[in-house]
Amino acid sequence: MQSTLSLYNTLTRKKEVFQPLHAPFVGMYVCGPTVYGEAHLGHSRSAITFDVLFRYLQFLGYKVRYVRNITDVGHLENDADEGEDKIAQKARTAQLEPMEVVQHFTNRYHEDLKALNVLPPSIEPRASGHIIEQIELIKEIIANGLAYEINGSVYFDVPAYNQGQRYGKLSGRVIEDLLANTRELEGQSEKRSPLDFALWKKASDTHIMRWPSPWSDGFPGWHLECSAMSRKYLGPEFDIHGGGLDLLFPHHECEIAQSQASCHTDTAKYWVHNNMITINGQKMGKSLNNFITLSELFNGKHELLQQAYTPMTVRFFILQAHYRSTLDFSNEALQAARKGYIKLINGLNILDKLNYPTETAVDASQDAELLKLTQDCFNGLNDDLNTARTIASLFNLLKKINSIHTGAILLGSISAETFAYVKKTYIALVTDVLGLLEEKPVDTNDLLEVLLGFYKEAKATKDYARVDQIRAEFKKQRIVIKDMKNGIDWAYEE
RNA sequence: GGUAGCGUGGCCGAGUGGCUAGGCAGAGGUCUGCAAAACCUCGUACAGCGGUUCGAAUCCGCUCGCUACCUCCA
């Protein structure tokens, strides 16, 4: 009754019904971060988008292997031959071992994502741990005549590849256009065509990240890791490949080329891309220096932030837009998201507290209405993971739940079966699929002080029955009240 | 320049031919000792111009404005 999931496939430029290659198994690969800096709001969108997809696929009963990589090698600072690895550069300026930089920011990334209630992937491979697989892949491509070695580096031969395949099929680019627009500043390039991209780069003497290979001591090219690792863990062709829209070209285009050049597949059946988060209408990004890191959002310490925003506020903010739309950051939007999130969570608590009485005269139209509103929640998700629509539908359903709570709708007039279904679905969608958890804003110590106040009051009025009662309630929480000469305090029960 | 996309009420943000998206903010009301929550009602939103159509925010054309990718990027 939940209908079927459709996803927009960048490869075909249309929405398609999702049909796994080997149901009930689903293989999903998502491009993770290059760990050379703090994760920002933009990173969280990709993580949260595919987290919801991961969760929903599991909710639908699929057995999902979700692979999300950590890039810890290989991304050059620029395309010039003297380019330096981002991580190596960071390591050198920070006087650290490259792997220290990698470990530190990987840990930070995990902390931030955990706060956002993003589930860990099934496998989280690192590029540096798969140098052998990448070298093997290069050998295959060379053997197929689509890569060439020069001065210890190996390049993918785009024009040769384009004879049999279409380089640009994913991003909609045409090779002639690309050639016409090539920048003319790389006169000394060793590449045969400016479109060719590196599979292996020979390291200069001072380059600190290097591995031996048949061609030189060096390091793998930009796009190779994803091809090698997705193939290793998901096979030559799998179901879903995801990532940010900015990776569409050249990164994913090159992945498809590498995959076709080695195992003759498009890598994945469905290519899914999330759009960017903007700030004042501009893409949030490191190069533009207009990004807000997740920890800044959580602690409010950034000049653009009027206040701190909790992880769940951020998560809700992101889910309230469709993943393929740009989403504009603003304090107003975050503040509105906070209130909406609270509203949804209050519904969770209400459902938890509602006890179904004995069934009375069932109002059939009310039942039908509730079932329709519940079904609406799935319609959004099924339509290309439109969480914005699902949240809107949940709010509509919530109105009914709140009316039951206040007594405007009699719970007994809803069939037990319908109510159980509504309750189960609301909770499952909010917590399991959207991944929104209750953040308890209550400061326990403050609350304890308030309760101690009542105790002191009872004591002062010599209401000993009440005193004993309060003491007993504290004891249930494994807390003892301490009456001392100089005052009253509490301590954990020993 | 090439390619892709966007422009929705005070703000955010769905919708893609006819049927209330939703949230936040605002106005009025119900409930209430007060308040809050909750619920109900309300605002005549679709960049502009032209076209197709019985009917367009939704399709087509033009104009204006904005963005992304084409270098690393979630």
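Values below: every heavy atom of this structure, side chains too, minus hydrogens, waters and symmetry copies. The chains referred to below are lettered A, B, ... by the order of the sequence lines, with proteins before strands, and numbering in each begins at 1.
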Would you classify [X] as touching base, sugar-phosphate or nothing, given that sugar-phosphate means primed atoms plus P, OP1 and OP2, and contacts are heavy atoms under 4.0 Å?
X        : value
A:Ala333 : sugar-phosphate
A:Ala321 : sugar-phosphate
A:Ser44  : nothing

So, does [X] get its side chain near the phosphate of [N], meaning an N or O under 4.0 Å from OP1 or OP2?
X        : N      : value
A:Lys343 : B:rC24 : yes
A:Lys400 : B:rC39 : no
A:Ser171 : B:rC70 : no
A:Lys286 : B:rA74 : no
A:Asn386 : B:rA14 : no

**Item:** Distance under 6.0 Å and angle within 45° of ring axis: A:Lys286 vs A:Tyr36
**Value:** yes

**Request:** Decide whether a cation-pi geometry holds between A:Arg192 and A:Tyr148; the criteria are a distance under 6.0 Å from NZ or CZ to the six-membered ring centre and an angle within 45° of the ring axis.
**Result:** yes

**Message:** A:Leu344 vs A:Phe395, test: side chain to side chain contact (heavy atoms under 4.5 Å, CB included). Steps then yes/no.
**Reply:** CA-CA 7 Å; A:Leu344 221 47; A:Phe395 278 121; 4.0 Å; yes

**Message:** Using the P atom as the point on both nucleotides, what is the distance between B:rG7 and B:rC59, in whole Å?
**Reply:** 11 Å

**Prompt:** Is the OH atom of A:Tyr356 crowded by more than 12 outside heavy atoms at less than 6.0 Å?
**Reply:** yes

